[in-house]
Amino acid sequence: MDRMMSLQGFLRRLLNGRRWWPACAGLFTLLWVLVPGAQAHVEAGGAGSVMAGFLHPVTGLDHVVAMVAVGLWGAVLGAPAIWLLPVAFPMVMAFGALLGLLQLPLPGVELGIALSALVLGVLVMLQQRLPMAVAAIVVGVFALFHGYAHGVELPDGADALLFSLAFVVATGLLHLVGILLGEIRRWAWGPRVLQCTGAGIAVVGVWSLIQVGGA
Amino acid sequence: MPVLFAHLMETGFGGFYDGIAHLLITPVDLMLVIGLSVLAGQQGPAGGRLLLALLPMSWWLGGMAGQWLRFDTSLTALTTALLIVVGVLVALARRLKAAVLALLVVVAGLVFGLANGFTLPVAAGMSLDLLGVVSAVAVLVLLISGQVVVTQRSWLRIAQQVAGSWIAAAGVLALGLMLKG
């Protein structure tokens, strides 16, 4: 009975307090990441479909974890990086995609993508705060590789703008997932969970590197 | 994107409402109006007033010229390029000189109006379809730029910049897809 009362008290404090929403946001975003992950390899239609554009950025685990890691690292870095990186990333990524669409050469794309997950994962794991300019360059270079890979794979279609907008929005939402997950750092146990998440992302990066090496 | 994409939808309520619906379901037009409204709002009340005065008027002039010329050509590359410029400026959130903003607004209005005019039905005198498009542009400009002007919260300003970034990125990708063919 006492245990039940204490549970009720805990829930009441949780819901009445101001700190409950990061937990909900974190849980929601985690589910949001995991559910599309299960569907990530379903081949969607052409560029005319908004859904095709929306699903394209989530069709590879290495892409997904890197995008989330950008948001997570932004949260670790704090202002102004937390908003500067999500503003700059889509534009640099789109430039990379343009290079890919025009089939201009860019060496080491797959290696760069694998390294992005590894490096960003390690940076999140270590809670590393680099100078803003260095952080922008690191993220910008990785954005270029991710954009290029997407550009090469983009399907032909009539409705280029809708496809592109859905594609960019999906990428931006993945950043938002990372930023919201990063909010758990406000709790005492939050930084430790963030470090574990960073380690997980780094492991995906290592796995991707092995895949690239084996190919 | 083919010119046919810009054809009016028929609401059943007449030309004026067809024009309103046309703007609301044409992504490139809608994104430009939203982007320009946010950009003008970022410049303060004067920017909003300037946009409200110039964009509907230039859009209408462009539309009239397009209906008169009726070239069977697509201005998609040009409209997408304008979209990229507007998106980048919104993402940067920099103060612009009034003359620069005015020039951008007039050019955008003329080009987008021209693109609309090529495909809108021709009517004797004032085209109700075009009037519907221009009215919708004016209302959207008023609502969005007014809201942006009064926005004080920092996270909302960041959201505006992110929206600009998304518009620019989508424009670059769309341009790439067009160039790829």
Side-chain angles (χ1 to χ4, degrees), chain A residues 46-48 50 52-54 56-57 71 74 79-104 143-144 146-148 150-173 175-176 179-180, chain B residues 1-6 25-32 34-35 38 42 74-94 112 115 153-181:
Chain A
V50 172
F54 198 78
H56 198 271
I82 195 167
W83 59 265
L84 197 61
L85 297 183
V87 170
F89 193 97
M91 290 197 285
V92 180
M93 188 192 71
F95 179 70
L98 185 66
L99 297 180
L101 280 163
L102 299 177
Q103 298 183 332
L104 297 172
L144 207 60
H146 282 273
Y148 188 91
H150 285 312
V152 169
E153 295 163 1
L154 283 186
D156 298 325
D159 202 343
L161 190 64
L162 271 182
F163 176 90
S164 304
L165 185 64
F167 176 93
V168 171
V169 168
T171 302
L173 288 177
H175 293 155
L176 187 62
I179 290 170
L180 291 176
Chain B
M1 198 183 296
V3 178
L4 284 176
F5 185 77
I25 62 163
T26 310
V28 66
D29 291 12
L30 196 58
M31 283 166 69
L32 179 96
I34 292 170
V38 175
Q42 286 174 333
S74 171
L75 297 174
T76 311
L78 192 55
T79 53
T80 309
L82 277 166
L83 200 61
I84 295 168
V85 171
V86 171
V88 169
L89 289 173
V90 172
L92 293 176
R94 293 290 163 98
F112 277 72
R153 295 185 178 185
S154 60
W155 69 269
L156 277 173
R157 292 186 179 180
I158 294 163
Q160 291 161 14
Q161 287 182 264
V162 171
S165 161
W166 288 3
I167 288 173
V172 170
L173 278 173
L175 197 63
L177 280 167
M178 272 182 271
L179 292 173
K180 187 184 174 190

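First the proteins, then the strands, lettered A, B, ... as listed; each starts at 1. Since the structure is predicted, the reported quantities are computational estimates derived from the model, not experimental observations.
A search for side-chain contact (heavy atoms from CB on, under 4.5 Å) contacts involving B/L156 returns B/T151, B/R153, not counting sequence neighbours. Looking at residues two or more places apart in sequence or on another chain, you find no ring pair (Phe, Tyr, Trp, His ring centres under 6.0 Å) involving A/Y148. Applying the ring pair (Phe, Tyr, Trp, His ring centres under 6.0 Å) criterion to A/H150, with sequence neighbours excluded, gives A/H56, A/H63, A/F167.
Contacts between A/L165 and chain B at a heavy-atom distance below 4.5 Å involve backbone atoms as well as side-chain atoms.
Counting all heavy atoms, side chain and backbone alike, B/A174 lies closest to A/S164 at N-OG, 3.3 Å. Scanning all heavy atoms of the two residues, the minimum distance from B/W166 to A/G172 falls at CZ2-CA, 3.5 Å. The minimum heavy-atom distance between A/V168 and B/A170, with the atom names listed, is CG2-N, 3.8 Å. Of all heavy-atom pairs between B/S165 and A/V87, the closest is OG-O, 2.6 Å.
In terms of heavy-atom pairs under 4.5 Å with chain A, the best-connected choice from B/G171, B/G176, B/A168 is B/G176. For the options A/F89, A/F95, A/W83, heavy-atom pairs under 4.5 Å to chain B are most numerous at A/W83. Ranked by heavy-atom pairs under 4.5 Å with chain A, the list B/T80, B/I158, B/V162 is led by B/I158.
Contacts between residues 82-92 of chain B and chain A, defined by a heavy-atom separation under 4.5 Å, are made by B/L83, B/V88, B/A91.
B/L179 has its side chain out of reach of A/L101: every pair of non-hydrogen atoms, C-beta onward, lies at least 4.5 Å apart.
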